[in-house]
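One structure is given here, and the rest of the page talks about it.
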Amino acid sequence: MSQPSTVTDPADPRLADYTGLTDVELRRRREPAEGLFIAEGEKVIRRALAAGYGMRSMLLTPKWLDVMADVIDEADAPVHVVEPGLAEQVTGYHVHRGALASMARKPLPAAAGLLAGARRVAVLEGLVDHTNLGAIFRSAAALGMDAVLLSPDCADPLYRRAVKTSMGAVFSVPYARLDPWPGGLAVLREAGFRLLALTPAEGSVTLAEATPQLLPKAALMLGAEGDGLTRGALAAADTLVRIPMAHGIDSLNVGAAAAVAFYTVNAG
């Protein structure tokens, strides 16, 4: 059991893990390098712990002590209690949910090992928007995808905003990075996957025509909002597929498109 301790100085080194949480560039550099990520909110913290991530520390406002009492009882990491104003000073924003935890990262698995036994995989290229990334992970978990593979330039799934948007689903779906890109896609073909690239480009067939639900192993490739998949990624795909549009709409948000594709590939 960890004994909560009150902290009153925003410069206290015990709060170092929580400084500048709104500075995306700083956190992108710092968190992977230091092997940590931030879980925000009671549900997300509990899901991170349930997924086997170790806790480095917890930062709570006083009203959350009772809510998180069982977590505190089992924690072997320090628990820092701060007033809401001080939490905002340290983090850079108003911590609405009043509970943050600094968690230890796990080593990423190799893509080849992650694919063993998988049948339905999402492959993401160049997604730098953490909200879209979190939404895609949430859909992947809810709609039965076995794994997510990321190009080297994709955003960090464990960045606070991605974790929050996914409601902790980033802890439920295993993921790995493919490097080099797009050459690393060869590992999917070697594992028996057919690569389906989501694109409105000429020459694409509809998802219904592609019948991805009938494939023994299918990998759905999605590109960044606006730009879509690069030429190299499209050239590496086996089939170009699209979601039919109505009312003059030319495309969906990548998170919405992912949900439709994930549902279709697992239908029936």
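Numbering of residues begins at 1 and proceeds along the displayed sequence.
- Pairing each heavy atom of Leu114 with each of Pro174, the nearest pair is CD1-C, 3.7 Å.
- Residues Ala261 and Leu220 approach most closely at O-CD1, 3.5 Å, considering heavy atoms.
- The shortest side-chain heavy-atom distance between Val44 and Lys164 does not fall under the 4.5 Å cut-off.
- Here the CH2-CG distance, from Trp181 to Leu149, works out to 8.0 Å after rounding to the nearest 0.5 Å.
- The pair Asp17-Arg56 counts as a salt bridge, with a side-chain nitrogen and a carboxylate oxygen less than 4.0 angstrom apart.
- Exactly one of Glu31, Arg27, Glu40 qualifies for a side-chain contact (heavy atoms from CB on, under 4.5 Å) with Arg160. That residue is Glu40.
- Here the rule is side-chain contact (heavy atoms from CB on, under 4.5 Å) with Val148, and of Leu124, Val121, Val170 only Leu124 fits it.
- Side-chain heavy atoms closer than 4.5 Å link hydrophobic residues (I, L, V, M, F, W, Y) into clusters, and following such links, even through other members, never connects Leu214 to Leu188.
- At a threshold of 4.5 Å between non-hydrogen side-chain atoms, the residues Glu42 and Trp64 count as touching.
- Ring-plane geometry between Phe37 and Tyr53 is classed as perpendicular, the angle between the planes exceeding 60 degrees on a 0 to 90 degree scale with a lower cut at 30.
- Note on Leu65: it clusters hydrophobically with Val67, by side-chain heavy-atom contacts below 4.5 Å among ILVMFWY residues.
- Leu252 and Tyr263 end up in the same hydrophobic cluster when Ile, Leu, Val, Met, Phe, Trp and Tyr side chains are linked at under 4.5 Å.
- Ring pair Tyr159/His130 is tilted by interplanar angle, where 30° to 60° counts as tilted.
- The CZ atom of Arg242 lies 6.0 Å from the OG1 atom of Thr206; values are rounded to the nearest 0.5 Å.
- Using modelled atom types, no side-chain atom of Asp179 and backbone atom of Pro152 make a donor-acceptor pair closer than 3.5 Å.
- With respect to the salt-bridge test (charged N to carboxylate O, under 4.0 angstrom), the residues Arg46 and Asp70 qualify.
- By the neighbour-count criterion of 12 heavy atoms within 6.0 Å, atom CG of Asp66 is sparsely surrounded, having that number or fewer from other residues, nucleotides or ligands.
- At least one side-chain heavy atom of Val187 sits under 4.5 Å from a side-chain heavy atom of Leu178.
- Listed by chain and number, the residues in a side-chain hydrogen bond (donor to acceptor under 3.5 Å, both in side chains) with Glu34 are Arg30 (sequence neighbours excluded).
- Rounding to the nearest 0.5 Å gives a distance of 7.5 Å between OG of Ser172 and CZ of Arg47.
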Exercise. Take Leu185 and Leu195 through the test side chain to side chain contact (heavy atoms under 4.5 Å, CB included) and record every step on the way to the result.
Key: CA-CA 9 Å; Leu185 290 167; Leu195 276 63; 4.0 Å; yes
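- Residues Val123 and Ala219 approach most closely at CG2-CB, 4.1 Å, considering heavy atoms.
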Exercise. Decide yes or no on side chain to side chain contact (heavy atoms under 4.5 Å, CB included) for Met58 and Ile72, but give the supporting numbers first.
Key: CA-CA 9 Å; Met58 192 154 51; Ile72 295 170; 3.8 Å; yes
Exercise. In sequence, state the C-alpha distance, the side-chain angles, and the governing distance for Arg194 and Asp238, and then conclude on side chain to side chain contact (heavy atoms under 4.5 Å, CB included).
Key: CA-CA 6 Å; Arg194 187 166 183 83; Asp238 296 304; 3.7 Å; yes
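- Of all non-hydrogen atoms in Phe171 and Ala51, the two that sit nearest each other are CB-CB, 3.7 Å.
- Dense packing is recorded around NZ of Lys106, with more than 12 heavy atoms of other residues, nucleotides or ligands lying under 6.0 Å away.
- Scanning all heavy atoms of the two residues, the minimum distance from Ala259 to Ser139 falls at CB-OG, 3.6 Å.
- One N or O on the side chain of Thr199 and one on the backbone of Ala201 form a donor-acceptor pair closer than 3.5 Å.
- A salt bridge (Lys or Arg N to Asp or Glu O under 4.0 Å) with Asp156 holds for exactly one of Arg105, Arg28, Arg161; it is Arg105.
- Remark: the Thr165 side chain and the Arg138 side chain contain no N/O donor-acceptor pair separated by less than 3.5 Å.
- At a threshold of 4.5 Å between non-hydrogen side-chain atoms, the residues Thr264 and Pro212 count as touching.
- A single hydrophobic cluster is seen to contain both Leu150 and Leu127, as judged by linkage of ILVMFWY side chains at heavy-atom distances under 4.5 Å, directly or through other members.
- Rounding to the nearest 0.5 Å places CG of Leu240 at 11.0 Å from CD of Glu202.
- Distance check: Leu198 CG to Ser251 OG gives 11.5 Å after rounding to the nearest 0.5 Å.
- A 4.5 Å side-chain heavy-atom check between Ile38 and Leu21 finds at least one atom pair inside the cut-off.
- Hydrophobic clustering places Leu222 together with Tyr175 (ILVMFWY residues linked when any side-chain heavy atoms are closer than 4.5 Å, directly or through intermediates).
- Under 3.5 Å, the side chains of Asn253 and Glu225 contain a donor-acceptor pair of N or O atoms.
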Exercise. Would you sort out whether Thr8 and Thr6 count as a side chain to side chain contact (heavy atoms under 4.5 Å, CB included), showing the intermediate values?
Key: CA-CA 7 Å; Thr8 58; Thr6 299; 4.2 Å; yes
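- Side-chain contact between Arg29 and Leu26 is present, with heavy atoms from C-beta onward closer than 4.5 Å.
- A 4.5 Å side-chain heavy-atom check between Ser5 and Val81 finds every atom pair outside the cut-off.
- Atoms CE and CG, on Met55 and Leu49 in that order, are 4.5 Å from each other to the nearest 0.5 Å.
- A donor-acceptor pair under 3.5 Å links the side-chain atoms of Arg189 to the main chain of Ala236, judged by distance alone.
- Minimum interatomic distance between Ser151 and Glu125 (heavy atoms only, all atoms of both residues): OG-CA, 3.4 Å.
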Quiz prompt | Trace of the side chain to side chain donor-acceptor pair (under 3.5 Å) decision for Glu83 with Thr61 | solution = CA-CA 5 Å; Glu83 291 300 322; Thr61 54; over 6 Å; no
Quiz item: After noting the C-alpha distance and the side-chain angles of Asp12 and Arg14, does the key distance pass the salt bridge (charged side-chain N to carboxylate O under 4.0 Å, His left out) rule?
Solution: CA-CA 5 Å; Asp12 193 306; Arg14 291 175 293 177; 2.8 Å; yes
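- Counting heavy atoms from C-beta outward, Ser57 and His80 have side chains that approach closer than 4.5 Å.
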